[in-house]
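Please read the structure below before turning to the comments.
In what follows, chains are A, B, ... by sequence order, proteins preceding strands, each numbered from 1. As the structure is a computational prediction, the values presented were derived from the model and not from experiment.
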There are 2 protein chains.
Amino acid sequence: MGTTQLDTVPEPKYWHLKTVLSQALDSEFAVGEVLPNERDLAARFGVARATLRQALEQLELEGRLQRRRGVGTTVAPPRADVAVDSVRHTWPGAPGDDWQPVDAAESDTVPADVARLLETAPGEQVHVVRRSRVTDGRPVAAELLYVPAAAVPGYDAAAALSAPGRARAVLRALQERELEGQDRTVELGSARAEDAKQLDRLPGAPVLVVTTRYVSGGRPTAVAVSTYRADTCRLTFGERDAMALAG
Amino acid sequence: MGTTQLDTVPEPKYWHLKTVLSQALDSEFAVGEVLPNERDLAARFGVARATLRQALEQLELEGRLQRRRGVGTTVAPPRADVAVDSVRHTWPGAPGDDWQPVDAAESDTVPADVARLLETAPGEQVHVVRRSRVTDGRPVAAELLYVPAAAVPGYDAAAALSAPGRARAVLRALQERELEGQDRTVELGSARAEDAKQLDRLPGAPVLVVTTRYVSGGRPTAVAVSTYRADTCRLTFGERDAMALAG
DNA sequence: TAGTGGTCTAGACCACGAT
DNA sequence: TCGTGGTCTAGACCACTAC
């Protein structure tokens, strides 16, 4: 990495800095390597620390860097491909999905957008199942699954001994219905405090929010709100995993 | 919106500020309404302007606010749903898709990740078609479509009079092949200068990058890299548009 | 020209992880 | 305890829009 001063270009310093750093990452750093600390880097490029941080933030957003307080800034590995619909046309919790049940609770108030998707009445009882997804030992996503109590009459509360046990019971009850279809949205969000903790990130970290609606019996039967780390994940759809294309 | 001082809470000021502002937006502001300017808002909440801006940036990321230099900060409308695979199993440029051809060029160097997906040899000629997507009169996405020249022998360069004409000619040549499948990834990125201009945003603005690979004849035949504004768009997949569910 | 958001500075202190 | 990134301040100037 050079130590040259930045030119007086019309583009913002942090933007130019980001480009320079990005090239340095490609050519002079290996994955996992630690960068010099922010104060040194700023001095080396002749900018204020805040300006340097603006460049680092962009690179972290793009998944190029990983910063940890008290530790340092390291070069991030390429984003992990995470299949979103590899087990298409199956309920959440079907054999082979990559999610771990965490716990479940019952609630009579759900977020407004979820209630709209589920077409539930205000005050209607809804199971809220929390799950988490781990790949390569690292947490990549947190999920809240909403299932109206009326949709899973087979749910056996008596069998719910542990917290994950309650979650599994709800998921088990779901499998008994015939899944007719699903639809999905993806949008950018920022991690709520709760999700951030589960994802090992700070609150406000950028996340990809995947909202899936499951339909059976002509009615929406479950809504999953899955929160993926945007810095480390790339969501994959369709057949890329299954297809036997070379490369 | 209140003018109360912030408590000395353990959570960061900008985070608390974001929550307060978010609630104020819900209860006291209408879509399109302009907020007080940043200097006034900062004074009102007793924080430095930089701290206030950190909160505004988060809210803009979440699509709650829209900021324009020289104009002000306004309350953003809800995100627009944008169908990503409504015309599933058709080539780009098929009748009914929402994209406008802009221009086309030929290149012998494509980004490394695109070359890998296309399985092209270094130096191989590739058509690069630029398209843009507009909904409700606003630009929501920019796209670069890569098609190896060898895959579209029917492409008629002689018919290419205007820039959009060249683009249409490549797309037309694509339709003559049988599409066998497609796969797709979605990840977070930041707008390159070129895309930012087309999307009416500043460089570095957060975008959702959708990479679609089209397969025909057992080989990857086209790769589309579509860049959607992350602040104003929600991507929809599957049947939500088509299904006749109430709500 | 006036007012807005965008960039940048040079400091300060805090929270966290490793030692 | 020390070094790291995270937060915050109080200014300054710039680029852009609208009038």
Side-chain angles (χ1 to χ4, degrees), chain A residues 5-19 21 33-61 65-76 190-191 193 196-197 200-206 231, chain B residues 5-19 21 33-61 65-76 190-191 193 196-197 200-206 231:
Chain A
Q5 300 291 305
L6 297 172
D7 303 24
T8 56
V9 285
E11 68 186 354
K13 279 188 186 177
Y14 77 89
W15 185 257
H16 186 219
L17 201 46
K18 178 196 148 189
T19 308
L21 285 169
E33 198 167 341
V34 300
L35 268 60
N37 73 50
E38 296 182 350
R39 291 163 180 85
D40 285 352
L41 272 181
R44 207 185 288 206
F45 286 102
V47 300
R49 186 174 162 225
T51 303
L52 174 83
R53 278 180 60 82
Q54 218 172 335
L56 294 183
E57 265 148 36
Q58 286 250 353
L59 289 170
E60 192 181 28
L61 199 79
L65 292 179
Q66 194 163 345
R67 298 146 93 196
R68 274 173 302 172
R69 165 152 51 178
V71 179
T73 301
T74 57
V75 180
S190 48
K197 201 167 187 178
D200 193 23
R201 298 253 49 195
L202 292 176
D231 55 343
Chain B
Q5 300 291 306
L6 298 171
D7 303 25
T8 56
V9 285
E11 68 186 353
K13 279 188 187 177
Y14 77 89
W15 184 257
H16 186 219
L17 201 46
K18 178 196 148 189
T19 308
L21 285 170
E33 199 167 342
V34 298
L35 269 60
N37 73 51
E38 295 183 349
R39 290 162 180 88
D40 285 353
L41 271 181
R44 208 186 286 206
F45 286 101
V47 300
R49 187 173 160 224
T51 304
L52 175 83
R53 279 180 61 82
Q54 216 172 336
L56 294 184
E57 265 149 35
Q58 285 248 354
L59 289 169
E60 191 181 28
L61 198 79
L65 293 179
Q66 195 163 342
R67 298 146 94 199
R68 274 173 302 170
R69 167 153 49 176
V71 178
T73 301
T74 57
V75 180
S190 47
K197 200 167 187 177
D200 192 24
R201 298 253 49 195
L202 292 175
D231 55 344

*Taking DNA chain C as the partner, which of residues 48-56 of chain A come within under 4.0 angstrom of it by heavy atom?*
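Contacts with DNA chain C under 4.0 Å: Ala48(A), Arg49(A), Ala50(A), Thr51(A), Gln54(A).
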*asked:* Can you list, in residue-number order, the parts of residues 66-73 of chain A that come under 4.0 Å of DNA chain C, counting heavy atoms only?
replied: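 Listed by number, they are Arg69(A), Gly70(A), Val71(A).
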*Considering residues at least two apart in sequence or located in another chain, which fulfil the salt bridge (Lys or Arg N to Asp or Glu O under 4.0 Å) criterion with Glu33(B)?*
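By the salt bridge (Lys or Arg N to Asp or Glu O under 4.0 Å) rule, Glu33(B) matches no residue at all.
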*With sequence neighbours excluded, tell me which residues meet salt bridge (Lys or Arg N to Asp or Glu O under 4.0 Å) with Arg53(B).*
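Arg53(B) satisfies salt bridge (Lys or Arg N to Asp or Glu O under 4.0 Å) with Glu38(B), Glu57(B) only.
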side-chain contact (heavy atoms from CB on, under 4.5 Å) with [X]: which residues, sequence neighbours excluded?
X: Gln66(A); result: Thr74(A), Ala76(A), Pro77(A)
X: Thr73(A); result: Leu35(A), Leu65(A), Arg67(A)
X: Arg39(B); result: Asn37(B), Arg49(B)
X: Ser190(A); result: Lys18(B), Gln58(B), Glu62(B)

*Looking at residues at least two apart in the chain, or sitting in another chain, which of them share a side chain to side chain donor-acceptor pair (under 3.5 Å) with Arg201(B)?*
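By the side chain to side chain donor-acceptor pair (under 3.5 Å) rule, Arg201(B) matches Glu60(B), Asp231(B).
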*asked:* Counting C-beta onward and ignoring hydrogens, is there a side-chain heavy-atom pair between Leu21(B) and Phe45(B) closer than 4.5 Å?
replied: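 With C-beta onward as the side chain, the pair touches.
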*Is any side-chain heavy atom of Glu11(A) less than 4.5 Å from a side-chain heavy atom of Thr19(A)?*
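Answer no - side chains too far apart.
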*Identify the 5'-most and 3'-most nucleotides of DNA chain C with at least one atom closer than 4.0 Å to a non-hydrogen atom of chain B.*
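Contacts span dG3(C) to dT7(C), reading 5' to 3'.
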How long is the line joining [atom1] of [X] and [atom2] of [N], in whole Å?
X: Leu202(B); N: dC14(D); atom1: CG; atom2: C1'; value: 13 Å
X: Glu38(B); N: dC16(D); atom1: CD; atom2: P; value: 17 Å
X: Leu59(A); N: dG5(D); atom1: CG; atom2: P; value: 14 Å
X: Trp15(A); N: dA15(D); atom1: CH2; atom2: C1'; value: 17 Å

*asked:* Counting only heavy atoms not in Asp40(B) (residues, nucleotides, ligands), do more than 12 fall under 6.0 Å from its CG?
replied: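 It does: Asp40(B) CG has more than 12 such atoms within range.
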